[in-house]
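Take a look at the structure below.
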Amino acid sequence: MSEVRLRFAPSPTGYLHVGGARTALFNWLLARKEGGKFILRIEDTDVARSTQESLEAILEGMTWLGLDWDEGPFYQSDNFPLYREYVEKMLAAGTAYKCYCSPEVLEKKRELAISEGRKPKYDGTCRNLIEEVPGAPFVVRFRAPLEGETAFDDLIKGRISFQNEELDDLIIQRTDGTPTYNFTVVIDDATMGITTVIRGDDHVNNTPRQILLYEALGYPVPKFAHVPMILGADKARLSKRHGATSVMAYRDMGFLPEAMVNYLVRLGWSYGDEEIFALEDLIQKFSIESVGRSAGVFNPDKLLWLNAHYIKTGDPQRLAELLVPFLQERGVDSSVGPDLVEVVRTLQERSRTMLEMADGAIFYYTSDLEYDEKSLAKFFTPEARDLCTELVARLKAMDDLSHDSIAALFDRLCAEKAVKMKAVAQPARYALTGGSASPGIYELIGVLGRDETIHRIQRALDTK
RNA sequence: GGUCCCAUCGUCUAGCGGUUAGGACACCGGCCUUUCACGUCGGUAACAGGGGUUCAAGUCCCCUUGGGAUCACCA
């Protein structure tokens with residue numbers, strides 16, 4: 001069995017956040033690169049905190065990013081009989097034992113140990129009980145080795161080792177009979193044949209316990225790769241107070257999935273001096289070994305820059321489709337008025353997000369713009385009025401609205417009136433858009449069409 | 001506090017014993033220009049500190065300092 005098998009195993013207790021998305025991405029990339037399998041497993045053993053909404057949000061996030069899975073989603077909640085079976089096996093083999101210590105007693109001992117400056121680890125009270133206590137509530141603990149060393153070669157961080165005496169006999173089954181995390185991951189990763197575990201580095205401390213479990217169970221130990229955390233600008237772990245952490249929130253703010261993927265992969269990974277990577281590129285170029293070992297700060301500015309890049313170079317047709325919902329939110333109906341694809345073309349290089357693009361597109365679909373007195377006075381000087389009147393007259397006599405002929409019209413007008421381009425372009429822009437910043441004047445006229453252009457300029461001229 | 005991890009411009013990073021320490025975002029200028037942008041050219045800016053090893057250290061080793069993670073019948 002040489003096929004690599006990777007997995008992403010979120011617990012459905014919240015949306016898909018950028019950190020989770022990145023580890024999912026790394027897993028997906030390695031699976032695709034190696035021609036292996038990418039498996040999705042839902043860690044919902046904490047029934048109380050798991051929700052259907054979270055599950056759907058996670059799947060939606062992954063789908064949006066383009067991270068498709070080959071197997072699953074599998075649910076740990078479906079595996080309770082399996083876990084139970086393994087607990088029984090370990091009990092029978094003596095690699096696990098029943099512990100009757102109550103949580104209260106344990107807590108007291110823990111406090112005492114801390115106050116005396118000792119390690120708060122399980123003292124092994126029940127480790128060598130000869131007889132069972134019938135009817136008494138119990139948890140099942142793993143009988144971990146007392147001495148020796150457990151080490152592994154992390155694909156990202158290198159060799160990491162722990163003294164076994166630092167580890168204690170972790171609980172694998174609770175009083176209520178449900179299994180615990182460190183146990184279920186091992187059972188699942190082992191039975192699913194996971195060959196490489198890529199996860200957040202908040203799990204490194206769990207790794208030696210899990211390795212011991214693999215060994216006790218007689219399963220091969222997978223490779224591990226612990227990816228560093230994502231931090232906020234203040235170097236603290238990224239959280240809501242740093243702004244949006246949900247990947248879907250970024251979609252709603254007008255980000256493109258390819259920008260998100262590109263940003264996420266470059267946070268902690270690099271390929272020479274390259275910055276722009278399509279998903280297809282990444283499959284070829286990605287390698288887990290070149291992921292950095294230190295935590296990285298999430299930089300919204302760079303994400304924005306990448307998003308602008310993908311908007312600029314994106315297919316106008318696709319962008320137009322993505323733009324529609326943003327327009328609708330603003331009460332704009334793009335089915336009447338200028339062709340949305342043409343509108344998009346004029347906005348691509350001046351929008352960093354789809355949201356900005358939507359804002360920039362509103363005027364195209366507002367035939368009767370508001371012209372306020374102040375701006376009118378500023379742009380529509382007597383000279384400007386003359387020029388605009390002349391512009392309207394010439395436009396009326398024109399059929400060809402190509403960029404070149406509009407440019408020629410303006411050139412002639414400026415030459416004959418001996419004025420600068422600015423003298424006519426600015427008032428016309430104001431009349432056409434209701435503002436002073438917009439796409440080029442020729443593009444504007446081309447997209448709006450002759451009649452609408454004349455309508456708007458005339459209307460501005462008539463307003464007073 | 002114990003254990004574990006981390007450390008190059010403000011940020012993401014390249015560097016894998018010999019470099020004017022490179023690129024990108026952001027920032028600051030110039031150019032382009034009908035506005036806003038795009039683009040383009042240029043600039044400011046970093047090896048946390050201290051010891052070693054070596055002819056030579058950002059690169060290897062140790063210590064210090066500073067960050068972070070984790071120490072549950074949560075995952």
Side-chain angles (χ1 to χ4, degrees), chain A residues 9-13 43-46 48-50 76 99 101-103 106-107 110 113-114 117-121 137-141 154 156-158 160-163 165-168 170-182 184-185 200-208 226 228-229 231 233 235-237 263 266-276 290 292-306 308-309 312 346-352 356 360 407 410 414 420-430 433 435-442 444:
Chain A
S11 59
T13 52
E43 313 226 313
D44 56 351
T45 51
D46 186 345
R49 291 202 306 148
S50 299
Q76 288 194 318
C99 169
C101 299
S102 72
L106 255 20
E107 185 54 35
R110 215 189 328 270
I114 291 172
R118 286 182 292 115
K119 293 166 196 163
K121 67 178 261 191
F138 64 89
V139 299
V140 179
R141 284 182 186 274
D154 192 276
I156 292 171
K157 293 176 184 286
I160 299 176
S161 66
F162 295 80
Q163 292 304 313
E165 59 182 349
E166 298 293 337
L167 282 17
D168 60 359
L170 78 152
I171 293 171
I172 60 177
Q173 187 179 87
R174 302 182 186 99
T175 309
D176 66 3
T178 58
T180 59
Y181 169 74
N182 280 111
T184 58
V185 234
D201 74 359
D202 48 333
H203 284 292
V204 300
N205 289 295
N206 285 327
T207 306
H226 288 97
M229 316 245 77
L231 275 23
K235 305 281 182 106
R237 188 177 187 153
Y263 179 71
R266 266 294 280 109
L267 178 53
W269 173 84
S270 63
Y271 190 79
D273 284 342
E274 290 183 41
E275 294 289 345
I276 306 296
S290 46
R293 290 136 307 178
S294 52
V297 174
F298 187 85
N299 182 349
D301 277 333
K302 188 146 187 183
L303 207 209
L304 204 50
W305 174 76
L306 279 164
H309 168 81
K312 208 179 310 161
T346 70
L347 262 15
Q348 276 179 282
E349 63 185 22
R350 29 177 69 77
S351 311
R352 293 179 301 176
E356 283 184 7
F410 272 81
C414 290
K420 294 237 165 108
M421 180 67 190
K422 188 182 291 190
V424 43
Q426 280 306 79
R429 182 189 319 284
Y430 178 67
T433 69
S436 59
S438 81
I441 194 80
Y442 310 149
L444 245 26

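Below, chain A is the first sequence line, B the second, and so on; all start at residue 1.
- Atoms CG (A:Asp201) and P (B:C6) sit 9 Å apart, rounded to a whole Å.
- Of all nucleotides listed (B:C25, B:A72, B:A75), B:C25 comes nearest to the side chain of A:Lys302.
- For A:Ser294, taking side-chain heavy atoms from C-beta onward, the closest of the listed nucleotides B:C6, B:A75, B:G23 is B:C6.
- As judged by a 4.0 angstrom heavy-atom cut-off over every strand, A:Pro228 is placed among residues making no nucleic acid contact.
- Within 4.0 Å (heavy atoms only), A:Gly200 reaches no atom of the nucleic acid at all.
- Spacing between atom NE2 of A:His203 and atom C1' of B:A72 amounts to 15 Å, rounded to whole angstrom units.
- The nucleotide whose nearest atom lies closest to any side-chain atom of A:Pro103 is, among B:U35, B:C71, B:C73, B:C73.
- Partners of A:Glu165 under the side chain to side chain donor-acceptor pair (under 3.5 Å) rule, at least two apart in sequence or in another chain, do not exist in this structure.
- Counting heavy atoms from C-beta outward, A:Cys99 and A:Ile171 have side chains that stay 4.5 Å or more apart.
- With B:U34, B:A14, B:C73 as the candidates, the nucleotide lying closest to the side chain of A:Ser270 is B:A14.
- Residues A:Glu275 and A:Pro439 each lie close to RNA chain B; by heavy-atom proximity, the contact nearer the 5' end of the strand is made by A:Glu275.
- Qualifying side chain to side chain donor-acceptor pair (under 3.5 Å) partners for A:Thr178, counting only residues two or more places apart in sequence or in other chains: A:Arg174, A:Asp176.
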Summary of protein contacts for nucleotides 37-49 of chain B, nucleotide by nucleotide, where a base hit scores B, a sugar-phosphate-only hit scores S (4.0 Å, heavy atoms): BSS----------
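- Rounding to whole angstrom units, CZ of residue A:Arg49 and P of B:C73 are separated by 15 Å.
- A distance of about 9 Å separates the C1' atoms of B:C60 and B:G17, rounded to the whole Å.
- Taking atom CG of residue A:Leu304 and atom C1' of nucleotide B:A24, one finds them 15 Å apart after rounding to whole Å.
- Comparing the same atom, C1', in B:U54 and in B:U13 gives a spacing of 29 Å after rounding to whole Å.
- The A:Arg110 side chain lies nearest to B:C73 when the options are B:A69, B:C73, B:U11.
- Among the protein residues, A:Glu43 comes within range of the sugar-phosphate backbone only, with heavy atoms under 4.0 Å from sugar or phosphate atoms but none that close to a base.
- Among the nucleotides B:U11, B:C4, B:A24, the one closest to any side-chain atom of A:Lys235 is B:U11.
- OP1 or OP2 of B:A7 sits under 4.0 Å from a side-chain N or O of A:Arg293.
- Using a 4.0 Å heavy-atom criterion, one finds that A:Val297 contacts the sugar-phosphate atoms exclusively.
- Atom pair A:Tyr181:OH and B:C71:C1' shows a separation of 15 Å (rounding to whole Å applied).
- The closest side-chain heavy-atom distance from A:Pro12 to A:Ser50 is below 4.5 Å.
- Across all strands shown, A:Gly440 has heavy atoms under 4.0 Å from base atoms, whether or not it also approaches the sugar-phosphate.
- Side-chain atoms of A:Glu274 stay outside donor-acceptor range of the base of B:G23, with no qualifying N/O pair under 3.5 Å.
- Taking CG from A:Asn299 and CZ from A:Arg266, the interatomic distance works out to 11.0 Å, rounded to the nearest 0.5 Å.
- Ranking B:A69, B:A7, B:G2 by closeness to the A:Asn205 side chain, first place goes to B:A69.
- Using atom C1' as the reference point in both B:U40 and B:U33, the two lie 13 Å apart (nearest Å).
- Evaluation of the side chain to side chain donor-acceptor pair (under 3.5 Å) rule for A:Arg352 yields A:Glu356 as partners, not counting sequence neighbours.
- Residue contacts shown for A:Cys101 include a base, since a base heavy atom lies under 4.0 Å away.
- Contact annotation: the side chain of A:Leu167 approaches that of A:Pro208 to within less than 4.5 Å [non-hydrogen atoms, C-beta and beyond].
- B:U70 atom P lies 17 Å from atom CG of A:Leu170, rounded to whole Å.
- Listed by chain and number, the residues in a side-chain contact (heavy atoms from CB on, under 4.5 Å) with A:His203 are A:Tyr181, A:Arg199, A:Asn206, A:His226 (sequence neighbours excluded).
- Residue A:Thr433 is out of contact with every strand shown, counting any heavy-atom pair closer than 4.0 Å.
- Within the 4.0 angstrom heavy-atom criterion, no nucleotide atom of any strand lies near A:Thr178.
- For the C1' atom pair drawn from B:A14 and B:G22, the interatomic distance equals 6 Å after rounding to whole Å.
- Spacing between B:U64 and B:A45 at atom C1', rounded to whole Å, works out to 27 Å.
- Each of B:U34, B:C4, B:C73 was ranked by its minimum atom distance to the side chain of A:Ile441; first place goes to B:U34.
- A 4.5 Å side-chain heavy-atom check between A:Thr433 and A:Leu444 finds at least one atom pair inside the cut-off.
- Relative to the side chain of A:Ser438, the nucleotides B:A75, B:G10, B:U35 differ in distance, and B:U35 lies closest.
- Annotation: salt bridge (Lys or Arg N to Asp or Glu O under 4.0 Å) contacts of A:Asp154 (sequence neighbours excluded): none.
- Considering only the side chain of A:Ile171, B:C73 comes nearest among B:U34, B:A75, B:C73.
- Taking atom C1' on both B:C61 and B:A57, the two are 11 Å apart, rounded to the nearest angstrom.
- With both ends at atom P, the span from B:U70 to B:C62 equals 26 Å, rounded to whole Å.
- Only the P atoms considered, B:C9 is 16 Å distant from B:A21, to the nearest whole Å.
- In this structure, CG of A:Asn206 is placed 9 Å from C1' of B:A75, rounded to the nearest angstrom.
- A:Thr175 comes within 4.0 angstrom of a nucleotide base, judged by non-hydrogen atoms across all strands.
- Counting any heavy atom pair closer than 4.0 Å across all strands shown, A:Arg266 reaches a base atom.
- Inter-residue side-chain proximity for A:Lys302 and A:Leu267 is flagged as unmet; no heavy-atom pair is nearer than 4.5 Å.
- To the nearest angstrom, P of B:C12 lies 8 Å from OH of A:Tyr263.
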